[in-house]
Amino acid sequence: QRNEILEADSLTEQIANLRRAAITDVVRAQVPAESLEEQWDLDALQRALKDEWQLDVDLKAKVAGSDSITDDDIVDQVTAAADTMFKAKVEQVGAEQFTPFMRMVLLQSIDTHWREHLAALDYLRQGIHLRGYAQKNPKQEYKREAFELFSQLLDLVKMEVTRVMMTVRIQSQEEAQQAAEAIEERSERISNVTYTHPN
């Protein structure tokens, strides 16, 4: 049982690291590192956070209300909001119920993208000898491009797992029952429809 607790803590920490890295990447796309406030696109950032991550943070008000806010402060505020939102979801369900879901999402994402990565490496291996015609060392080029593919794999897993964790909707038993009843009611209305043709 102690090992299970340690595994759950380790998984929670891994998911937290993925979330923080993914959110940082999203923020840095609109608020570059060591940039000035005039270079920031806070409207696009707020839209992306709300539409893609269901994270509602009023960054414009925080920037307007502060005299000396930095790009690192923006990253910290968005990361803190994401952590708070995620903790609320875990508390709503309970860590013992949410941990298997986190494990399943992480493993499924790694499994899917790892297979795609192996296929990409095989495709790269088949054509790498052509680099010799461009006066490049095929072995070195393979290492370099394989490393780039692996970096892309890690980024894909990070973004996908974080997006699922941030956008998953937690429903109570009553809400799930109401949704099921609404679906049944719609299907009954559809089944009562009759189709006629003039011929």
Side-chain angles (χ1 to χ4, degrees), residues 1-33 41 44-45 47-55 71 75-76 78-83 85-90 92-171:
Q1 191 175 8
R2 184 173 172 274
N3 287 339
E4 285 178 15
I5 291 168
L6 289 174
E7 274 184 35
D9 289 344
S10 173
L11 178 66
T12 303
E13 188 61 34
Q14 288 172 359
I15 296 294
N17 290 337
L18 289 176
R19 182 177 62 251
R20 290 174 190 136
I23 294 297
T24 300
D25 288 349
V26 170
V27 174
R28 288 299 182 199
Q30 306 301 334
V31 180
D41 191 350
L45 177 58
R47 250 190 332 271
L49 290 171
K50 191 165 191 175
D51 295 346
E52 295 178 33
W53 304 91
Q54 296 180 358
L55 194 58
D71 55 287
V75 172
D76 292 343
V78 175
T79 304
D83 288 345
M85 179 179 166
F86 183 75
K87 283 177 189 169
K89 286 185 182 194
V90 173
Q92 187 178 352
V93 177
E96 64 282 346
Q97 299 291 327
F98 206 76
T99 300
F101 171 71
M102 290 192 298
R103 183 178 291 114
M104 182 207 57
V105 169
L106 182 60
L107 291 176
Q108 190 173 21
S109 179
I110 291 172
D111 183 47
T112 302
H113 292 298
W114 182 250
R115 280 189 243 154
E116 293 170 2
H117 176 68
L118 292 179
L121 283 178
D122 189 44
Y123 184 74
L124 175 64
R125 184 183 55 80
Q126 290 173 14
I128 200 69
H129 66 279
L130 298 173
R131 303 302 192 280
Y133 292 119
Q135 304 297 318
K136 294 182 179 177
N137 182 345
K139 191 174 183 181
Q140 292 300 320
E141 288 298 302
Y142 181 81
K143 286 180 182 177
R144 185 183 61 76
E145 292 186 35
F147 182 76
E148 287 176 12
L149 287 172
F150 187 71
S151 297
Q152 290 172 11
L153 163 75
L154 295 179
D155 285 342
L156 281 169
V157 169
K158 171 179 67 180
M159 286 296 185
E160 184 177 277
V161 170
T162 302
R163 186 171 281 116
V164 170
M165 295 296 169
M166 294 297 290
T167 58
V168 66
R169 281 190 64 222
I170 312 293
Q171 287 187 327

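Bear in mind that the values here come from a model prediction, so they are computed numbers and not experimental data.
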Enumerate the residue pairs fulfilling ring pair (Phe, Tyr, Trp, His ring centres under 6.0 Å) with a member in residues 143-167, sequence neighbours excluded, ordered by first and then second residue. His117-Phe150

Does Val168 form a side-chain contact (heavy atoms from CB on, under 4.5 Å) with Val105? I'd like the steps, not just the answer. CA-CA 11 Å; Val168 66; Val105 169; over 6 Å; no

Would you call Asp83 and Lys87 a salt bridge, taking side-chain N to carboxylate O under 4.0 Å as the test? no

Out of curiosity, Arg19 CZ to Met166 CE, how far, rounded to the nearest 0.5 Å? 7.0 Å

Begin with the C-alpha distance, continue with both residues' side-chain angles, and end with the deciding distance and a verdict on side-chain contact (heavy atoms from CB on, under 4.5 Å) for Met102 and Met165. CA-CA 8 Å; Met102 290 192 298; Met165 295 296 169; 3.6 Å; yes

Considering residues, nucleotides and ligands other than Lys89, do more than 12 of their heavy atoms fall under 6.0 Å from its NZ? yes

Nearest-0.5 Å distance that lies between atom CG in Leu149 and atom OH in Tyr142: 8.5 Å

Under 4.5 Å between any side-chain heavy atoms of Gln92 and Phe98, yes or no? no

So NZ of Lys158 and CG of Leu153: to nearest 0.5 Å the spacing works out to 11.5 Å

Please report the shortest heavy-atom distance between Ser109 and Val157, naming the atom on each side. OG-CA, 3.8 Å

Sorted by chain and number, sequence neighbours left out, side chain to side chain contact (heavy atoms under 4.5 Å, CB included) with Glu141 holds for Ile128, Arg131, Lys136, Arg144, Glu145

Just by distance, do the side chain of Thr99 and the backbone of Ala95 share a donor-acceptor pair under 3.5 Å? yes

What's the separation between atom CD in Gln108 and atom CD in Glu160, rounded to the nearest 0.5 Å? 8.0 Å

Go through the steps for Val26 and Leu45 under the test side-chain contact (heavy atoms from CB on, under 4.5 Å), then give the verdict. CA-CA 8 Å; Val26 170; Leu45 177 58; 4.2 Å; yes

Quick test of your reading of the model: are Asp25 and Arg28 salt-bridged, counting only N-O distances below 4.0 Å? no

Inter-residue atom distance Arg115.CZ - Leu118.CG, 0.5 Å rounding: 10.0 Å

For the atom pair CD1 (Ile15) and CZ (Phe101), what is the distance rounded to the nearest 0.5 Å? 9.5 Å

